[in-house]
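Values in this document were obtained by computation on a predicted structure and should not be read as measured data. Just so it is clear, the values below take in all heavy atoms, side chains as well, and ignore hydrogens, waters and symmetry mates. Counting starts at 1 for both ligands and their atoms, in listed order.
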Amino acid sequence: MTFQPLAEIADIGRDRELGGWSRHLLDPADRALREWFVGRAQELGLQTEVDANANIWAWWGEPGPDSVVTGSHLDSVPGGGAFDGPLGVVSALEAVGRLRSTGFVPRRPLAVVAMAEEEGSRFSVACLGSKLLSGALPAERALGLRDRDGFSLAETLDRAGLAPERAGRDPGALSRIGLFVELHVEQGRGLIELDSPVGLASNILGHGRWRLVFDGEGNHAGATRMQDRRDPMVAAAATVAAIPAVAMAHPGSRATVGRVRAVPGGTNVIASRVEVFLDARAEDDLLTRRLVHEITELAAARAAENGCSSRLVEDSWLPTVHFDPAVREGLADALAPGFGTVPVLPTGAGHDAGVLSEYVPTAMIFVRNPSGVSHAPAEWASAEDCWAGVDALTAVLTAHLAAR
Ligand SMILES: [Zn+2]
């Protein structure tokens, strides 16, 4: 049995080459999903608006202070799964649909939100919509970001009919949020082990993205003798091969290279530069810093051995997020009648809720993922558990909208 609300959008953005789905900010798939979201929200009688940072809001009641906001994102990683992001959006629509069909009268405004570019797959900054909205990322830095085809974020917003000059910190939108709840498929095995369909987030491990840049000498693949080379690809490969051992020396930490870029990138050309994209996380922020430091030293050593130089560029960094225990307890109370004691667990994955938690009361609900896989086509949640997630979100919204 499939979870019908997600089946509705299953054909949008399928990636025949990578498998799974590829939906990136304002590309044709993302635009189709955004249109679908607006249509579904309007069918529910919600008023939709797109803010200056491409986030879409669907309002029940007059937008204003102390609103309850729920939702997630519609974009994906390249070749991602069906649940990461859209599950939180469709569950929010389902929960609102249920409340409206029972004649429930909210005492606070409610918005369902679809945040823009959470995965950072197009412009390489995760949680772009929430970082711009909150001011965590200044617009002047973001607008010049370029995608792989060379289009800037400013051009992309402009082409979509959004005014790039308005992008950035949006105190009005932020001040309306009285509570933000993001429902999300779990991205690990925590709820399998705890034997529960849903859980609440305690914290998000600190994480970041770095680039190890190796500079060598571009030259001819045929005319350059092996001993005369300064090949940054060899230095980069040796570094990547040694990274797992560095990470495994710090139990619980993770270091991943999922992307490498060679310049100029020709088969018969020794690269002049290679960029290795690093994602690193650990139990605490000091340890993450140490891990990245050790990998940087490793890179420098391998670069020197190959007559190259290396340097580290920090593309993003989010320290550990601790969700407010009082907000979480409010959700736990709302869930108790239907779910009993709901487990509380950390996550290693970043979320818009993590960005927003610095500014507004924020909580997260996780839905069990029996595959334990995420950011890949095998990512999964049973229809039964997805519906349990809708039940949980409905209970939380009911409790928070009935009182102010
Ligand atoms: Zn997500």
Side-chain angles (χ1 to χ4, degrees), residues 3 5-6 9 12-13 15 20-25 27 29-30 33-34 37 53-56 69-93 112-134 136 180-191 198-201 203-209 254 256 258 279 281 316 318 321 323 345-357 362-369 371-381 385-386 389 393:
F3 182 54
L6 274 182
I9 53 171
I12 302 176
D15 193 322
W21 289 264
S22 291
R23 301 154 163 172
H24 311 317
L25 181 67
D27 73 0
D30 187 50
L33 284 176
R34 293 163 70 87
F37 173 72
N53 299 305
N55 307 305
I56 315 178
V69 179
T70 183
S72 191
H73 59 96
L74 293 168
D75 68 307
S76 74
V77 295
F83 295 81
D84 181 353
L87 181 65
V89 177
V90 303
S91 299
L93 291 171
V112 178
V113 69
M115 302 298 296
E117 178 84 336
E118 193 274 342
E119 300 290 4
S121 298
R122 182 161 179 187
F123 291 102
S124 292
V125 174
C127 303
L128 185 64
S130 56
K131 281 180 185 164
L132 280 169
L133 168 80
S134 61
F180 181 65
V181 180
E182 181 169 1
L183 178 146
H184 204 280
V185 69
E186 203 208 340
Q187 292 169 284
R189 311 185 63 84
L191 289 172
V198 296
L200 295 170
N203 55 48
I204 298 178
L205 299 184
H207 56 280
R209 295 182 186 192
R254 305 159 184 9
T256 306
D279 176 302
R281 336 179 169 217
S316 69
L318 265 181
V321 169
F323 288 109
L345 69 170
T347 175
H351 299 284
D352 291 311
V355 174
L356 293 176
S357 71
T362 301
M364 287 194 78
I365 300 172
F366 293 127
V367 171
R368 177 166 51 193
N369 173 354
S371 70
V373 171
S374 188
H375 284 185
E379 177 183 278
W380 172 249
D385 286 356
C386 290
L393 191 57

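Considering only heavy atoms from C-beta on, Arg254 stays 4.5 Å or farther from His207 through its side chain. In this structure, the side chains of Phe323 and Leu200 stay at 4.5 Å or more apart for every pair of heavy atoms.
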When you look at His184 and Asp84, which way does the side-chain hydrogen bond (donor to acceptor under 3.5 Å, both in side chains) test go after all the steps?
CA-CA 7 Å; His184 204 280; Asp84 181 353; 2.6 Å; yes
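Judged purely by atom type and a 3.5 angstrom limit, Asp279 has no side-chain atom pairing as donor or acceptor with the backbone of Thr256.
Taking distances strictly below 2.8 Å, the protein N/O/S atoms close to the Zn ion (ligand 1) are His73 NE2, Asp84 OD1, His184 NE2.
Ring geometry for His351 versus Phe366: interplanar angle of 30 to 60°, hence tilted.
When all heavy atoms of Glu182 and His73 are compared, the pair lying nearest together is OE2-CD2, 4.3 Å.
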